[in-house]
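To start, the structure under review is shown below, and the notes come after it.
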Number of protein chains: 2
Amino acid sequence: MSKRLPSSSEFLSHIAYDLVIFGFDGHDLKILILEYHNTGFFALPGGFVRRDENLENAVQRGLTERTGIDSIYLEQFYTFGSVQRYKPEVMEAIVKANDFELPPQHWMLDRFISVAHFALINYNNVSPTPDELSDSIEWYNVNELPDLILDHKKIVKKAHEHLISNLYSRPVGKNLLPERFTMKELQKVHEAILGNPLRRTSFQRKMLSLDMLDRHEKLFSGKAHKAPYLYSFREEE
Amino acid sequence: MSKRLPSSSEFLSHIAYDLVIFGFDGHDLKILILEYHNTGFFALPGGFVRRDENLENAVQRGLTERTGIDSIYLEQFYTFGSVQRYKPEVMEAIVKANDFELPPQHWMLDRFISVAHFALINYNNVSPTPDELSDSIEWYNVNELPDLILDHKKIVKKAHEHLISNLYSRPVGKNLLPERFTMKELQKVHEAILGNPLRRTSFQRKMLSLDMLDRHEKLFSGKAHKAPYLYSFREEE
DNA sequence: TGTTTATTGTCTCAATTTGTAACAATAGTA
DNA sequence: TACTATTGTTACAAATTGAGACAATAAACA
């Protein structure tokens with residue numbers, strides 16, 4: 001009773017995408033990692049592009065399937081195309097461990113070039129869902145990842161670098177935090193991404209000077225000190 | 001006596017690359033545009049990836065074929081994968097105008113995802129060479145391009161944006177200028193890329209503070225004024 | 001051989017931005 | 001009412017940048 005893989009008439013051969021999905025739990029920067037069934041292989045979520053589908057739509061679709069969330073910040077950052085990443089035995093092991101039928105020249109065992117994307121999502125609104133071939137998908141601290149297959153470690157590294165270089169030009173916190181947040185929470189996001197502490201007053205001044213934030217009511221947390229304001233990112237025009 | 005296209009066993013299907021090759025003639029930022037034989041089509045140089053070849057090697061190979069230069073600054077910046085760019089009639093016209101045999105289901109008429117790169121080269125060391133399908137390759141002012149096929153105009157725009165955002169973090173002038181150059185020449189390169197004038201003294205101070213330049217002997221141009229120093233970009237460690 | 005012209009290298013001072021710390025406000029606790 | 005922890009704001013020094021002035025100089029010219 002072995003299952004059937006999708007046929008090559010449905011998908012573009014040689015093209016895949018990988019996803020580095022970032023989240024923030026209040027302390028650390030995290031990403032979602034899949035564990036493939038019965039293989040001990042860890043990998044980034046990924047998928048293929050349908051023949052009649054835009055690349056970006058395919059990625060958005062995969063992201064929604066893994067997280068249950070629509071309309072997330074998503075950005076393509078690099079395409080990985082070295083020959084060294086062609087390891088048919090890895091894919092073969094994954095497919096076989098999942099009890100799929102595997103014709104010898106199947107397109108999924110051929111060489112792939114992968115268009116890597118990263119996403120920023122709100123950690124608390126997500127219900128991570130494994131794909132057909134994997135039995136778990138879990139959050140891992142960016143600095144404490146398990147061994148990943150192929151060049152996925154390199155993909156994560158490059159994604160993280162892109163995230164850092166975008167920190168001040170895009171509303172990064174908007175996608176990692178709830179709709180409204182305190183300045184301290186935003187600072188913690190930035191610190192988690194950069195990996196080093198920031199000065200409170202300079203950070204506040206810089207963020208406000210970017211003219212991206214709206215100030216709202218105060219948040220009374222019940223703690224014995226002055227209540228901080230809540231902020232939100234202004235909707236871009 | 002029609003010629004034969006390469007077979008699909010040699011190349012990866014569905015994957016192409018396009019090249020935005022920047023040069024600087026002393027006044028304007030230029031790029032190389034191909035004109036396809038007998039079609040009136042203008043396009044970016046591009047090509048396909050061999051099955052046993054790294055993506056980046058394929059691009060480097062194409063670049064060398066078009067310019068005659070090795071070891072050029074080359075950077076991947078985006079992968080274009082919308083369905084709208086699938087226009088088999090364009091490729092068909094090009095191939096037919098060049099008197100190639102064209103089997104109906106040929107892989108070159110299928111949908112492609114294109115990994116776009118930009119290169120920076122020294123305008124004067126180059127002998128642009130058309131590819132098999134085109135009869136000319138010429139420098140065009142970035143702001144005065146002819147109509148280009150598919151989404152190539154968009155690709156150029158994005159390449160230019162990337163170039164601008166890299167201006168101060170990478171030795172951009174190194175690749176667009178001769179080995180040794182004056183501060184004024186470097187300033188002109190930056191002005192051509194940015195599209196607006198820069199202040200002489202601030203520019204000089206900024207460039208020197210980046211600690212990327214070595215100062216050499218003066219250049220006596222024969223003009224009736226103080227001779228400027230020559231500079232070169234320091235070899236990175 | 002001075003004098004002039006065009007351009008370059010350097011310096012100065014003001015304007016702006018950033019780093020750092022101090023201080024006052026305040027929500028809840030003791 | 002005093003105390004604690006944290007926040008918003010202000011103040012001042014340090015660093016960076018903007019804008020211009022000025023002296024140096026290579027060749028042309030008188």
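Letters go in sequence order (proteins before strands), and every chain restarts at 1. What's counted below: heavy atoms across the whole structure, side chains too, no hydrogens, waters or symmetry copies.
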Handout entry: Given C:dA27, D:dA21, C:dA21, the nucleotide with the shortest approach to the side chain of A:F220
Key =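 Nearest listed nucleotide: C:dA27.
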
Exercise for the section: Name the closest nucleotide to the B:K218 side chain, picking from D:dG8, D:dT9, D:dT25. Expected result: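 When the side chain of B:K218 is considered, D:dT25 is the closest of D:dG8, D:dT9, D:dT25.
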
Would you classify [X] as touching base, sugar-phosphate or nothing, given that sugar-phosphate means primed atoms plus P, OP1 and OP2, and contacts are heavy atoms under 4.0 Å?
X      : answer
A:S209 : nothing
B:S221 : nothing
A:K206 : nothing

Practice task
Determine whether any donor atom in the side chain of B:R205 lies under 3.5 Å from an acceptor atom in the base of C:dG9, or the reverse, and answer yes or no.
Solution key: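 No pair found.
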
Exercise for the section: Can you check whether any acceptor in the base of D:dG8 is under 3.5 Å from a donor in the side chain of A:R200, or vice versa? Expected result: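 It does, because a donor-acceptor pair links the side chain of A:R200 to the base of D:dG8 below 3.5 Å.
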
Handout entry: Output field: ring centroids B:F181/B:F233 closer than 6.0 Å
Key =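 Between B:F181 and B:F233, the centre distance is under 6.0 Å.
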
Practice task
Would you please indicate yes or no on a ring centroid separation below 6.0 angstrom for B:H190 and B:F203?
Solution key: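 They qualify: ring centres under 6.0 Å apart.
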
Does [N] have OP1 or OP2 sitting under 4.0 Å from an N or O in the side chain of [X]?
X      : N      : answer
B:R199 : D:dG20 : yes
A:K184 : D:dT7  : yes
B:Q204 : C:dG9  : yes

Just the rounded figure in Å: distance from [atom2] of [N] to [atom1] of [X].
X      : N      : atom1 : atom2 : result
A:K226 : C:dT29 : NZ    : P     : 19 Å
B:L219 : D:dA27 : CG    : P     : 10 Å
A:Q187 : D:dT6  : CD    : C1'   : 12 Å
A:Y168 : C:dT18 : OH    : P     : 10 Å
B:K223 : C:dT8  : NZ    : C1'   : 13 Å
B:H225 : D:dA27 : NE2   : C1'   : 9 Å
A:F203 : C:dT17 : CZ    : P     : 19 Å
B:E185 : C:dT7  : CD    : P     : 14 Å

Exercise for the section: Please step through ring pair (Phe, Tyr, Trp, His ring centres under 6.0 Å) for the pair B:Y17 and B:F80, ending with a clear verdict. Expected result: CA-CA 9 Å; B:Y17 66 85; B:F80 293 81; over 10 Å; no

Practice task
Could you walk me through whether B:I31 and B:L145 pass the side-chain contact (heavy atoms from CB on, under 4.5 Å) test, one step at a time?
Solution key: CA-CA 9 Å; B:I31 65 177; B:L145 298 177; 3.9 Å; yes

Practice task
For A:F112 and A:I15, work out which heavy atoms get closest and say how close.
Solution key: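 Closest heavy-atom pair between A:F112 and A:I15: CD2-N, 3.3 Å.
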
Problem - Most 5' of B:L208 and A:S202 on DNA chain C, judged by nearest nucleotide - result: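 On the 5' side of the pair lies B:L208.
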
